[in-house]
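One structure is given here, and the rest of the page talks about it.
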Amino acid sequence: MSRDDIAQTPGADRTNSMAMITDYVPGAYITHDMLHMRGGHQVSWLLDGVQIPNTNIASNLGAQIDPKDIDYIEVQRGSYTSDVGDRTYGVFNVVPRTGFERNRQAELILSAGSFLQTNDQLNFGNHTEKFAYYASLTGNRSDYGLSPPTGVVIHDAANGYGGFASLLYNRTPKDQLRLITQLRADYFQIPYDPDPNSPGNQQFQSSGLRDGQHELDGTVAFSWLHTFNPATVLQVSPFFHYNRADYESNPSDIPVATTSDRSSTYAGAQANITTEVARNTIQAGFYSFGQHDNYLFGAIFNDGTNTPAFRTPDSASGGVIEAYLSDNYKPTSWLTLIAGLRQTHFQAEFTENVIAPRFGVALRIPKLNWVFRGFYGRFYQPPPLLTFGCTTAAIAAGTCSLQNFALSTGTSFAPLHGERDEEHQFGVQIPLRGWLLDADTFKTRINNFLDHSNIGDSSIYFPVTVDGALVRAWELSLRSPRLWNFGQAHLAYSNQIAEQRGAITGGLICSPPTSAECDVDPNYTPVDHDQRDTLNVGFNATLPWRTTASTNLYYGSGFVNGGFNPDGPPADPRYPNPYLPEHTTFDLSIGKTFNEKLSASVTATNVANRRVLLDNSLTFGGFHYNDPREIFAELRYRFKY
C-alpha cells in the first residue's frame with residue numbers, strides 16, 4: 001500500500017484509522033476497538049524493517065504510527081521466513097517518508113467534519129545529495145472515538161497529538177545511516193449506556209461509569225546499513241520503545257471506580273546479514289530486547305458493600321533473545337525452496353526456550369506465470385511480563401487485595417506462558433493481463449492462545465492464555481490494473497473459523513479450577529471475535545477535471561453472540577442466534593486537485609448510517625455498536641519554505 005493508496009481510500013489517512021489494512025487485507029477487521037487479523041490480535045509493527053517490541057495484549061487504542069507519515073506499508077500474513085518475527089497473525093512493515101522526494105517542501109493538512117472531528121498535520125522535508133530529512137507534527141480530536149454500547153454516542157471524545165522525524169544520511173556509497181523517532185499522546189473517553197434499564201445494562205451495568213484512558217508511545221530506531229558487495233548487506237539497528245496505557249475512573253463511579261495503569265520500557269537491537277552463494281540467498285541474524293514493566297491496579301467500591309478500597313503496585317523485568325538462519329534456494333528459475341530456524345530464549349520469572357523451524361516451496365508455471373506455494377512453520381510469542389499487580393509474597397500471605405477480590409468473583413491468577421503456533425498454508429497467485437488474483441487456505445493450531453478476559457462484569461480485562469485454539473480460513477484478494485485509464489479495483493474476502501478449546505490456563509483463571517463451575521467443554525467453541533465471512537470491495541477512480549473518487553463496500557456476516565445460551569433463552573431476546581446480525585457499510589470519498597499546491601476532498605463513511613450491535617464483548621465500555629455515519633472535508637496545501 002502506497003501513500004497515494006492511503007490518501008485515496010475513504011477515511012484511511014485519519015490518525016487512528018486502520019482502513020489501509022482492513023479495506024485491502026483478507027480476514028482483517030475491527031471489533032471491540034481492536035484490530036483483528038487471521039483469528040487473532042497479536043500483530044507486529046516494523047519501522048523500516050526494525051521490529052518495535054510490544055508484548056502487551058491489545059492494551060492500546062491509539063495508532064502505532066500516523067498513516068499520513070507512511071510512504072508505503074507492506075502487509076505479511078503468515079508463511080514468514082525465519083528473519084520475520086513470531087506474530088503469526090500479521091506483520092506490518094512501515095516505510096516512512098524520507099524527504100528524498102522533496103526539495104524544501106512542506107504540506108499543511110486540515111480537516112473538519114461531523115462529531116466536531118479534525119485530523120491535522122504539518123509536515124516538511126528536504127534533501128541534499130547525501131542527506132534527507134522528513135518531520136511532521138499532528139493533532140486530532142473528535143466527539144466520537146470508540147465504538148459505543150448503544151446506537152447513541154455519549155461520553156466518547158478522543159484527542160491526541162504527536163511528532164515524527166526521519167533522518168537519512170548516505171555517508172558513503174556503501175554506508176547508510178537512518179534515524180526514525182516518534183512520540184504520541186492520546187486520550188479516549190470510555191462510552192457508556194445511559195439507560196440503567198436497557199437490555200445491555202441488565203447484563204453489564206455501565207450507566208454509572210465515567211472512565212477514560214491516557215496513552216503515551218515513543219520510539220527511537222537507528223539503523224546502519226553496510227554493503228560489502230552487490231550480494232552482501234549488513235544491517236544493525238538498536239532501538240528503544242516506551243508504551244503506556246492508563247485506564248482511570250472518576251472516584252465516584254458506580255458500582256466500582258477502577259484504576260489500571262501500565263507502562264512498558266523496551267531497549268534492544270536487531271542485526272542481520274544477507275548474502276548470495278551460488279543459487280542460495282542466505283540470511284542470518286539476531287533480535288533481542290530487555291523489558292521493564294510497571295503496573296498499578298486499584299478499585300474504590302461505591303456499591304454499598306463496604307469493601308475496602310485498594311491500590312496494588314507491581315513491576316517486573318525480563319527479556320528476549322532470538323537468533324535465526326534462513327536459506328532461499330532457487331535450483332531453477334521456476335522453483336524456490338525456503339528453509340530456516342528461529343530460536344527464542346525468553347526469561348522473566350520463568351524461562352522458555354523454543355526452536356521454530358519453517359519450510360516453504362514456490363513453484364512458478366512457465367509461460368502462465370502462475371505461482372503455487374506451500375508452507376509449514378512454527379512460531380513462539382513471548383507473553384506479557386505481568387499477569388496482575390501482586391507479588392508472590394503478598395499472595396502467599398493472603399494480603400493481596402486484588403487476588404482476594406478475584407477470589408470473591410470466582411477467579412484467580414496464574415502465570416502466563418508464551419503462545420506456540422503451528423501453521424500450514426497453501427496458495428496460488430495468478431496474474432492475467434495486469435490483474436492479480438491471490439487465493440490461499442491456511443490452518444493454524446495454537447497452544448497457550450493469548451487473549452484477554454474480564455474480572456466480573458467489568459470492562460477492565462487481563463491477559464490470559466487459553467489451552468488451545470484453531471483458526472482455519474480460505475482467503476481471496478484481487479487487484480486490477482488501471483481499467484480504461486480510469487481507475488483500479490480491489491477485493492479482499494475471507495471465510496474463516498476461529499475457535500478455542502479447554503480452560504484458561506494462565507492469567508485470570510477460573511477458581512478453584514477443580515470446581516464444577518470451572519468445568520469447561522473440551523470441544524472447540526468460537527472465540528469472541530470469530531466472524532465467518534468478511535468482504536471488502538472498492539474502486540479508486542481518476543475522473544476528468546483532476547477529480548478522484550474512491551469507494552469501499554464492507555460486509556461482515558456477524559460476530560459471535562456472547563449472550564447466546566444453547567440450553568436456554570438468550571441473555572437479550574433481540575439476539576437469539578449464535579451470531580450477531582450481519583452488517584454492511586459503504587464509504588465514499590471525492591477529491592479534486594486545483595493546482596500543484598492545493599487539493600481538497602470530502603469523505604463519508606457508513607453513508608447509509610446502518611447501525612447494528614457489532615459485538616457484546618466486555619472491553620472498553622461494554623458492548624459495541626458499529627461506527628455511525630461520519631462526514632468530513634480535508635484540505636491539503638503544499639508550499640516551499
Side-chain angles (χ1 to χ4, degrees), residues 1-7 9 11-25 28 30 33-35 37 41-56 58-76 84-85 87 89-99 101 107 109 111 119-125 133-140 145 158-168 178-188 215-223 237 239-245 264 266 270:
M1 294 290 300
S2 70
R3 65 174 181 264
D4 293 332
D5 295 326
I6 295 171
T9 302
D13 65 350
R14 291 189 290 179
T15 298
N16 289 314
S17 173
M18 288 286 110
M20 62 182 175
I21 295 171
T22 57
D23 286 8
Y24 293 88
V25 180
I30 300 290
D33 297 304
M34 303 174 194
L35 175 67
M37 187 168 160
H41 42 55
Q42 291 291 88
V43 297
S44 286
W45 288 86
L46 284 68
L47 278 176
D48 209 17
V50 181
Q51 182 176 335
I52 306 304
N54 189 354
T55 61
N56 300 291
S59 61
N60 286 78
L61 297 164
Q64 188 80 7
I65 184 171
D66 194 300
K68 293 183 285 294
D69 292 322
I70 295 175
D71 192 17
Y72 64 87
I73 178 172
E74 176 192 46
V75 181
Q76 296 190 48
V84 181
R87 300 295 176 89
Y89 307 109
V91 173
F92 309 128
N93 184 16
V94 171
V95 177
R97 298 189 183 188
T98 64
E101 75 281 3
E107 183 179 43
I109 303 172
S111 71
N119 283 264
D120 307 323
Q121 183 181 76
L122 173 64
N123 61 65
F124 47 92
Y133 67 86
Y134 167 87
S136 69
L137 296 172
T138 62
N140 65 280
N159 61 72
Y161 55 90
F164 178 90
S166 169
L167 307 176
L168 195 154
R178 184 162 186 178
L179 177 68
I180 299 174
T181 180
Q182 69 164 1
L183 180 66
R184 277 205 56 81
D186 291 279
Y187 172 70
F188 298 89
E215 299 182 1
L216 184 66
D217 190 272
T219 301
V220 179
F222 175 80
S223 293
S237 302
F239 56 80
F240 173 84
H241 183 212
Y242 177 80
N243 181 266
R244 190 180 77 204
S264 300
Y266 309 84
Q270 74 176 44

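Values below: all heavy atoms of this structure, side chains included; hydrogens, waters and symmetry mates excluded. These figures come from a predicted structure and were not determined experimentally.
The closest side-chain donor-acceptor pair between N243 and D217 falls under 3.5 angstrom. D66 and Q182 share no donor-acceptor pair across their side chains, judged by distance under 3.5 Å alone. Side-chain contact annotation: S136 with D69, donor-acceptor N/O pair under 3.5 Å present.
Between the CG atom of N119 and the CG atom of D13 there is a distance of 7.5 Å, given to the nearest 0.5 Å.
When every heavy atom of E215 is checked against every heavy atom of L61, the shortest pair comes out as OE2-N, 2.6 Å. For V43 against R87, the heavy-atom pair with the smallest separation is O-NH1, 3.2 Å. In terms of heavy-atom proximity, P96 sits nearest to I180 at CG-CD1, 3.7 Å. For V91 against V84, the heavy-atom pair with the smallest separation is CG2-CG1, 3.8 Å.
In terms of the side chain to side chain contact (heavy atoms under 4.5 Å, CB included) criterion, residue partners of I70 (sequence neighbours excluded) are, by chain and number, I6, M20, I65, I73, V94.
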Could you please spell out the steps behind the side chain to side chain contact (heavy atoms under 4.5 Å, CB included) verdict for Q121 and F164? CA-CA 11 Å; Q121 183 181 76; F164 178 90; over 6 Å; no
Could you please spell out the steps behind the side chain to side chain contact (heavy atoms under 4.5 Å, CB included) verdict for Y266 and T55? CA-CA 10 Å; Y266 309 84; T55 61; 3.7 Å; yes
Could you walk me through whether T98 and Y134 pass the side chain to side chain contact (heavy atoms under 4.5 Å, CB included) check? CA-CA 5 Å; T98 64; Y134 167 87; 5.8 Å; no
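When each of S223, S237, S166 is paired with R178, the side-chain hydrogen bond (donor to acceptor under 3.5 Å, both in side chains) condition holds for S166 and for no other.
Between R3 and D71 there is a salt bridge, since a side-chain N of the basic residue sits under 4.0 Å from a carboxylate O of the acidic one.
With hydrogens and angles disregarded, a donor-acceptor distance shorter than 3.5 Å links the side chain of H241 to the backbone of P53. Remark: side-chain polar atoms of Q270 are paired, donor with acceptor, to backbone N or O of Q51 under 3.5 angstrom. The backbone N or O of S111 lies less than 3.5 Å from a partner atom in the side chain of D120, making a donor-acceptor pair.
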